[in-house]
Each structure stands twice: as C-alpha cells, then as structure tokens.
Asks: 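Okay, here's the structure, questions in a sec.
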Amino acid sequence: MDADIRVRFAPSPTGHLHLGGVRTALFNWLFARHQGAKFILRIEDTDRSRSTEEYIHSILEGLSWLGLDWDEGPYRQTERSGIYRTYAEQLLAEGKAYYCYCSAEELEQKRIAAQKRGQPPKYDGTCRERNTPIPDRVPVIRFKTPQEGEVSFQDIIRGQVTVANSQLDDLILVRSDSTPTYNFVNVVDDITMAITHVIRGDDHLTNTSRQINLYMALGAPMPAFAHLPMILGPDKARLSKRHGAESILTYREKGYLPEALINYLVRLGWAYGDQEIFSKEELIELFELEKVNKAPAVFNQEKLLWLNNHYIKTGNINRMAELLEDQLKRKGSLNQDNQISLDTFPRVVKSLQERCKTLEEMAEAAEYFFKEEISYDAQAARKFLRPDIAPLLEELLRRLGQLTDFSEAAIQEVFSYILSQHTIKLVNIAQPVRVSLTGGTVSPGIYEVISIMGKEKVLGRLQKALEYIEGHEAATALGH
RNA sequence: GUCCCCAUCGUCUAGUGGCCUAGGACAUCGCCCUUUCACGGCGAAAACCGGGGUUCGACUCCCCGUGGGGACGCCA
C-alpha cells in the first residue's frame with residue numbers, strides 16, 4: 001500500500017468516453033487499487049472550441065456506471081490557467097522558451113517543403129534567436145527543444161525507448177490566443193499533481209520524448225511511463241466511429257453489464273494464465289502493468305457477448321429483473337395498465353438468462369409476456385396453427401381452465417394426460433402451443449412459459465389461436 | 001516522406017532456451033442431451049510472418065527483410 005503513488009486518467013471532453021478511453025481508465029484504476037495508490041481524474045479541456053459540458057457529463061457518467069471511482073478531481077484545466085502562465089513565464093525568463101511570430105500558413109508551407117526534402121516536418125526554428133517582435137503579429141510561445149543528443153526512457157510496458165532530439169519539434173506551449181496546449185498543460189499538471197506513473201495509450205508514445213525534455217527544462221522529477229497498446233477495429237485500424245468508438249453509455253443502453261465490459265477490456269492486452277473470468281476483486285489482486293502486452297489488440301464483439309451472457313447467467317436475479325424492466329420500458333413494451341405481479345420479472349429472467357447475450361435481447365425475447373396483443377410469425381403460424389391441431393388446443397384450453405394451481409408441475413400433468421390419451425409426442429403439441437402463446441417458435445420451456453404467463457393470458461391466447469385456425473379454415477374452404 | 005513501436009490459431013491470449021507432436025478462450029464445424037431455441041457435455045479443424053545468425057538445442061536471444069500500428073497541428 002502506497003498512498004504516495006498517484007496516477008491519473010485525463011480524458012479530453014471533445015468526444016464521448018469510448019472503449020479505448022475506458023480501457024485506459026481501467027488500467028489506471030486497477031494499478032491504483034492494486035497499489036493502494038491515488039487515482040485522479042483530470043479533464044483536459046484546453047481546446048475550448050471542441051470541449052463541451054455534455055461530453056464531460058457523459059465521461060463522468062460512464063466511469064461511474066463502470067464503477068471506476070476516482071479519489072481526486074475531476075480537475076479541469078480551464079480552471080488552472082494561472083498555473084500554466086507562471087510556468088510559461090518561467091521558461092521564457094530562463095531562455096528555455098521563445099516567442100514565435102510565424103503564421104499558421106507559413107508553418108504549413110514549411111512542413112510540406114520539409115517532407116518533400118525527406119526531412120521530418122518539424123518547425124525550422126526561424127524565430128528561435130529572434131529578439132525583436134514583428135509588428136501586427138500575435139506570437140505563440142515555443143519550447144526550445146534541445147537540438148543535440150537523444151531522449152531515452154524506460155517504459156514499464158515497452159522497455160527502453162529512444163528518440164533523437166533532432167527528430168523533435170520546438171513545440172508550441174501557448175497559443176496566440178494565450179491558451180496553453182496539450183503537451184504543456186499535460187506536463188505541468190502531472191508535475192503539480194505529483195503524478196508518479198503516467199499510464200496512457202500508445203498514441204502518446206512519441207509525445208513522451210518531447211514531454212521529457214519539458215520535465216527536464218522545468219527541473220521536475222520524472223514520472224514512470226507505461227504505454228498501453230491500442231485497441232483496433234475488426235479492420236485492424238484504430239477504433240473508429242463505425243465500430244466501437246461510440247459512447248460507452250450506448251453499451252448500457254444495449255443491455256451490456258459493466259462487469260462484462262471490464263472483464264472483456266482487461267483481457268485485451270493482459271492475461272493471467274488461462275483464466276478468462278475475473279471479478280473486480282480478483283483483478284485488483286492480480287493486475288500488474290509489467291504483464292501488459294505490447295501488441296495492439298483487435299476488438300471482438302463475439303467474445304464480449306459471450307462474457308455478457310456469462311454475467312447475465314450468473315448475476316443476481318433481482319438486479320437482472322430491474323435491468324430487464326428498464327429495457328422493457330425503453331422499448332415501450334410495458335403499458336401502465338399492465339397488471340404484472342412482482343415476481344414475474346425474476347421468473348422471466350430465470351427463464352431467459354441462459355439464452356440471451358444482452359438485456360436488450362432479453363427484453364425482445366420477453367415481450368410476449370407483457371404485451372396485450374401478440375402477432376404470429378407468418379411462417380410459424382402456417383406451419384403449426386393448422387386445423388388438425390385445433391381439437392388438442394381445445395382440450396388443453398379446457399383442462400388448463402380447470403386448474404387452480406398454475407405451477408409448472410400441474411401444467412406438466414395436464415400435458416402428460418393429453419399426450420397419453422392421444423398417443424402423440426410432446427413436440428407435436430408443444431410447438432403449436434408455443435406459437436399460440438408467444439407468436440413464434442422459440443421460447444423457454446413450454447410449461448415454464450405457461451406458468452409465468454399466467455392463466456388469464458394463456459387461456460385468452462389459446463382461444464385466439466383457435467379462432468385464427470377456424471378463420472383460416474373457412475378462408476381455405478372458400479378457395480383462398 | 002521522417003521517426004517511434006509491434007509481430008503465436010480468424011480473434012483475444014498462455015508460453016520467458018529443452019516441459020511444445022505449441023495450451024486455454026471466443027467464433028466455426030460435428031456428435032450427444034433435448035418439446036423449440038439456447039445452455040451444457042464430448043470431439044474436430046485452426047497459429048509460432050520470412051531469411052540469416054547465436055546455441056548441443058530455438059516460439060523463446062541477436063540482425064535484416066516483410067507486414068501492421070502510432071506520431072509528425074496554434075487537437076488531445
């Protein structure tokens with residue numbers, strides 16, 4: 001346990017919290033909880049034009065939903081501008097930064113020209129030694145990156161990483177509108193917040209060398225770095241809008257469980273022998289940054305669904321029942337006037353949890369329990385609601401009507417009796433009954449369905465099926 | 001284009017020089033269970049990117065190639 005160890009998750013509210021961000025947050029959180037360290041949340045909102053309150057809200061909501069709780073923050077960079085100004089002035093005063101008067105257009109041209117020559121497209125240093133301002137131009141503040149030597153650091157996941165300073169840019173610290181930029185605020189914040197371990201996505205690996213130069217210029221102690229491999233889409237390109245980069249909260253809407261998401265995400269780049277299922281407690285116990293993979297991982301929906309199904313099957317019934325109710329409400333399948341007894345939802349969950357991969361799917365599969373009217377699947381009706389079955393349905397209707405105990409056992413007895421009287425197999429009557437009650441050919445066990453649905457609804461639907469068969473028979477007789 | 005990083009079944013991965021005729025999981029296929037669909041059980045197919053080294057011995061170490069990813073913004 002070490003409370004002096006401090007990590008942070010620093011999302012930018014220029015978009016929703018997506019899978020990649022969650023994975024970064026999760027690894028930070030697991031590392032912190034494993035170490036007994038502090039987990040800090042920092043909102044990197046220096047891009048004022050693209051940051052929104054809505055995204056901030058969605059990020060906090062997403063983390064809370066997943067149970068990734070933070071110990072400090074959320075800090076917001078827009079509230080810390082004074083701190084950045086002080087540090088920028090310090091660098092300026094020490095000659096470690098300078099005003100640059102080059103315009104955006106000029107810089108763009110220089111970049112293209114450099115690339116054409118086969119050189120790294122970095123700033124050419126025009127204003128590096130300038131000491132007189134250019135009138136009518138508002139300058140930016142640039143960092144004087146060392147021109148000689150190289151930067152080298154030991155990444156916890158990657159090992160030794162080395163970059164020549166000649167490759168590095170004199171990066172902009174403060175924009176002409178006097179707001180600070182990412183590489184600058186990120187370093188200043190990590191210094192002032194005493195962050196000891198910077199755990200972030202691989203896409204920041206090349207930023208690290210630039211930032212290390214900044215740490216050195218500011219005379220600050222260096223944190224440890226750990227760069228997580230990226231999550232790729234099925235096309236092996238970085239996660240994009242098309243697959244997986246939508247808000248994590250849409251996973252909640254689609255009926256995914258937080259524990260499934262966490263279990264899935266942690267296995268992207270981390271493993272503990274052959275174990276696939278991990279509780280949060282186990283993860284906190286077992287997780288180690290040193291064992292994180294270097295290679296990027298492709299996101300696989302199927303496996304997430306498998307895990308989600310696992311947690312639906314093993315989860316607390318009452319909790320699942322509540323989530324199912326939410327889903328049904330969202331779908332508009334629950335009318336106000338529906339008379340649903342309290343124990344119906346848990347019973348529905350029990351009957352469906354083996355066969356549903358998401359709660360949304362479960363809500364779809366459970367609709368016929370709650371809707372007033374059902375409609376028949378055309379093919380199913382054609383195949384199973386035929387005239388020859390009508391006498392059996394009638395008898396079933398009569399005998400079920402006589403039951404006072406509507407338990408599965410009692411219902412099974414009724415079926416057994418009818419089966420023995422007519423020497424038919426269960427399958428011959430089960431499917432027609434299934435279609436009559438659910439509208440389709442797929443459902444939980446038929447006794448279970450009947451018992452859960454309740455006497456009133458069952459009798460009504462059997463009656464309706466008989467009418468349907470009769471109507472069809474008449475139509476067929478007329479030559480239709 | 002320049003630089004950085006990476007490389008085991010379709011996918012996630014185990015593997016840290018001999019235990020590997022390479023293990024597990026998802027997905028796929030077959031069989032069994034079964035009132036439908038699932039679940040479950042059993043089984044099959046499926047990989048060490050290529051070439052050089054190092055070594056008695058390489059999936060494991062080194063080099064080159066190839067492939068993939070990332071960065072190169074007054075975005076983060």
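Order of the sequence lines fixes the chain letters, A, B, ..., with proteins taken first and strands second; residue numbering starts at 1 for each chain.
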Asks: Rounded to whole angstrom, note down the C1' distance from U54(B) over to C63(B).
Replies: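 Comparing C1' positions in U54(B) and C63(B) gives a spacing of 11 Å.
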
Asks: Watson-Crick or G-U wobble partner for A47(B), using a 3.5 Å limit on both distances?
Replies: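 WC or wobble partner does not exist here.
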
Asks: Rounding to the closest angstrom, what is the interatomic distance between G67(B) and C48(B) at atom C1'?
Replies: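 Per the computed distance, 16 Å lies between those C1' atoms.
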
Asks: Whom does C9(B) pair with, Watson-Crick or G-U wobble, provided both distances fall under 3.5 Å?
Replies: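 Pairing partner: none.
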
Asks: Pick base, sugar-phosphate or nothing for Arg210(A), based on heavy-atom distances below 4.0 Å to the nucleic acid.
Replies: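 The residue Arg210(A) makes sugar-phosphate contact but no base contact.
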
Asks: Select from Gly269(A) and Ser12(A) the residue whose nearest nucleotide in RNA chain B is closer to the 5' end of that strand.
Replies: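 It is Gly269(A), whose closest nucleotide lies nearer the 5' terminus.
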
Asks: As a test of reading the structure: which of G70(B), U2(B), C12(B) is closest to the side chain of Ala297(A), going by heavy atoms?
Replies: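 Comparing G70(B), U2(B), C12(B) against the side chain of Ala297(A), the answer is C12(B).
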
Asks: Specify whether Trp270(A) and Tyr272(A) have parallel, tilted or perpendicular ring planes, treating 30° as the upper limit for parallel and 60° as the lower limit for perpendicular.
Replies: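 Ring orientation of Trp270(A) relative to Tyr272(A): parallel.
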
Asks: Quick one: label Arg50(A) by what it contacts on the DNA or RNA (base, sugar-phosphate, nothing), any heavy atom closer than 4.0 Å.
Replies: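 The residue Arg50(A) makes base contact.
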
Asks: Using 30° and 60° as the class boundaries, would you call the ring planes of His197(A) and Phe31(A) parallel, tilted or perpendicular?
Replies: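 Rings of His197(A) and Phe31(A): tilted, 30 to 60°.
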
Asks: Can you tell me the distance, in whole Å, between the CD1 atom of Ile59(A) and the P atom of A76(B)?
Replies: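 In whole Å, A76(B) P and Ile59(A) CD1 are 14 Å from each other.
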
Asks: Over how many whole Å does the gap from Met230(A) atom CE to C5(B) atom C1' extend?
Replies: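 Computing the Met230(A):CE to C5(B):C1' distance gives 11 Å.
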
Asks: Taking any heavy-atom pair under 4.0 Å as a contact, classify His204(A): base, sugar-phosphate, or nothing.
Replies: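 Counting heavy atoms under 4.0 Å across all strands, the contact made by His204(A) includes a base.
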
Asks: Closest approach to the side chain of Val163(A), judged atom by atom: which nucleotide of U11(B), C4(B), U13(B) is it?
Replies: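 So the nucleotide nearest the side chain must be C4(B).
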
Asks: If we call it a pair only when both distances are under 3.5 Å in a Watson-Crick or G-U wobble match, what pairs with G30(B)?
Replies: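 Pair assignment: G30(B) / C42(B).
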
Asks: Between A47(B) and U13(B), how far apart are the two C1' atoms, rounded to whole Å?
Replies: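 A47(B) and U13(B) have their C1' atoms separated by 12 Å.
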
Asks: Is the ring pair Tyr215(A)/Phe225(A) parallel, tilted or perpendicular, if the boundaries are 30 and 60 degrees?
Replies: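 Perpendicular.
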
Asks: May I ask you to decide whether Arg210(A) forms a salt bridge with Asp169(A), counting only side-chain N to carboxylate O separations under 4.0 Å?
Replies: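 Salt bridge flag = no for Asp169(A) with Arg210(A).
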
Asks: Look at the side chain of Leu205(A) and decide which nucleotide, out of C74(B), C5(B), U11(B), has an atom nearest to it.
Replies: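 For the Leu205(A) side chain, the nearest candidate turns out to be C5(B).
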
Asks: For G18(B) and C59(B), measure between their C1' atoms and round to the nearest Å.
Replies: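 Each nucleotide's C1' atom is 13 Å from the other's.
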
Asks: Counting the atoms with a prime plus P, OP1 and OP2 as sugar-phosphate, which does Asn293(A) contact under 4.0 Å by heavy atoms, base, sugar-phosphate, or nothing?
Replies: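 Answer is sugar-phosphate: Asn293(A) comes under 4.0 Å of backbone atoms only.
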
Asks: Is there a donor-acceptor pair closer than 3.5 Å between any side-chain N or O of Asp170(A) and the backbone N or O of Lys144(A)?
Replies: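 Side chain of Asp170(A) to backbone of Lys144(A): no pair is present.
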
Asks: How many whole angstroms separate atom OH of Tyr55(A) from atom P of A76(B)?
Replies: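 Rounded to the whole Å, the gap is 16 Å.
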
Asks: Ignoring backbone atoms, test whether Thr46(A) places a side-chain nitrogen or oxygen under 4.0 Å from the OP1 or OP2 oxygen of A76(B).
Replies: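 Result: yes.
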
Asks: Between C61(B) and U16(B), how many Å separate the two C1' atoms, rounded to a whole number?
Replies: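 Straight-line distance between the two C1' atoms is 11 Å.
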
Asks: For Val140(A), answer base if it contacts any base atom (sugar-phosphate contacts may also be present), sugar-phosphate if it contacts only those atoms, and nothing otherwise; contact means non-hydrogen atoms under 4.0 Å.
Replies: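 Base, at least one base heavy atom under 4.0 Å.
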
Asks: Taking the C1' atom in each of U60(B) and C20(B), what is the distance between them to the nearest angstrom?
Replies: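 It comes out at 11 Å once rounded to the nearest Å.
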
Asks: Which is true for Thr179(A) with a 4.0 Å heavy-atom rule: it touches a base, it touches only sugar-phosphate, or it touches nothing?
Replies: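 The answer is nothing, as Thr179(A) stays clear of every strand by at least 4.0 Å.
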
Asks: Any side-chain N or O of Arg238(A) under 4.0 Å from OP1/OP2 of A71(B)?
Replies: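 Looking at the OP1 and OP2 atoms of A71(B), one of them is under 4.0 Å from a side-chain N or O of Arg238(A).
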
Asks: Choose from C5(B), C72(B), A76(B) the nucleotide whose nearest atom is closest to any side-chain atom of Arg158(A).
Replies: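 Nearest nucleotide to the side chain: C5(B).
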
Asks: Does U21(B) pair with anything, Watson-Crick or G-U wobble, both distances under 3.5 Å, and if so, with which nucleotide?
Replies: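 The answer is none; no pair meets the criterion.
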
Asks: Take Val161(A) and Val138(A), find for each the nucleotide of RNA chain B with the closest heavy atom, and name the residue whose nucleotide sits nearer the 5' end.
Replies: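 The residue mapped nearer the 5' terminus is Val161(A).
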
Asks: Distance check, C1' atoms only: U28(B) and G10(B), in whole angstrom units.
Replies: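 Here U28(B) and G10(B) have their C1' atoms 9 Å from each other.
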
Asks: Round to a whole Å and report the spacing from CD of Gln167(A) to P of C5(B).
Replies: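 For the pair Gln167(A) CD and C5(B) P, the rounded distance is 12 Å.
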
Asks: Counting Watson-Crick and G-U wobble pairs only, both distances under 3.5 Å, name the nucleotide matched with C72(B), or none.
Replies: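 When the pairing criteria are applied, G1(B) turns out to be the nucleotide that pairs with C72(B).
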
Asks: Return the nucleotide paired to U35(B): Watson-Crick means purine N1 to pyrimidine N3 with N6-O4 or O6-N4, wobble means G-U with N1-O2 and O6-N3, both under 3.5 Å.
Replies: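 Paired with U35(B), as far as the under-3.5 Å criterion goes, is no nucleotide at all.
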
Asks: Could you go step by step and tell me if His204(A) and Tyr182(A) meet the ring-ring contact (aromatic ring centres under 6.0 Å, His included) rule?
Replies: CA-CA 11 Å; His204(A) 291 288; Tyr182(A) 164 76; 5.5 Å; yes

Asks: Suppose you measure atom P in G24(B) against the same atom in A46(B); what distance do you get, rounded to whole Å?
Replies: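 The answer is 14 Å between these two P atoms.
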
Asks: Is the backbone N or O of Phe406(A) less than 3.5 Å from a side-chain atom of Ser451(A), with the two atoms forming a donor-acceptor pair by type?
Replies: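 A pair under 3.5 Å: yes.
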
Asks: At 4.0 Å (heavy atoms only), tell me whether Thr14(A) reaches a base, stays on the sugar-phosphate, or touches nothing.
Replies: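 It contacts nothing in the nucleic acid.
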
Asks: So among Leu324(A), Leu257(A), Leu323(A), which one has a side chain to side chain contact (heavy atoms under 4.5 Å, CB included) with Ile312(A)?
Replies: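 The residue from Leu324(A), Leu257(A), Leu323(A) that satisfies side chain to side chain contact (heavy atoms under 4.5 Å, CB included) with Ile312(A) turns out to be Leu257(A).
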
Asks: Any side-chain to backbone donor/acceptor pair from Glu282(A) onto Ser279(A)? Under 3.5 Å, distance only.
Replies: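 Looks like yes, one N/O pair under 3.5 Å.
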
Asks: Rounded to the nearest angstrom, tell me the gap between atom CD in Gln211(A) and atom P in C72(B).
Replies: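 Spelled out: CD on Gln211(A) to P on C72(B) is 12 Å.
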
Asks: When Ile56(A) is tested against each of Ser51(A), Pro11(A), Pro13(A) for side chain to side chain contact (heavy atoms under 4.5 Å, CB included), which residue passes?
Replies: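 The passing option is Pro13(A).
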
Asks: Could you tell me the separation between the CG atom of Asn165(A) and the P atom of U2(B), rounded to a whole number of Å?
Replies: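 Distance, rounded to whole Å: 20 Å.
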
Asks: Measure from NZ on Lys291(A) to C1' on C12(B) and round the result to the nearest Å.
Replies: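 After rounding, the gap between these two atoms is 15 Å.
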
Asks: How long is the line joining CG of Leu168(A) and C1' of C72(B), in whole Å?
Replies: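 So the CG-C1' distance, Leu168(A) to C72(B), works out to 10 Å.
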
Asks: Treat primed atoms plus P, OP1 and OP2 as sugar-phosphate and everything else as base, then score nucleotides 24-49 of chain B 5' to 3': B for base contact with protein heavy atoms under 4.0 Å, S for sugar-phosphate contact only, - for none.
Replies: BBSS-------BBBSSS---------

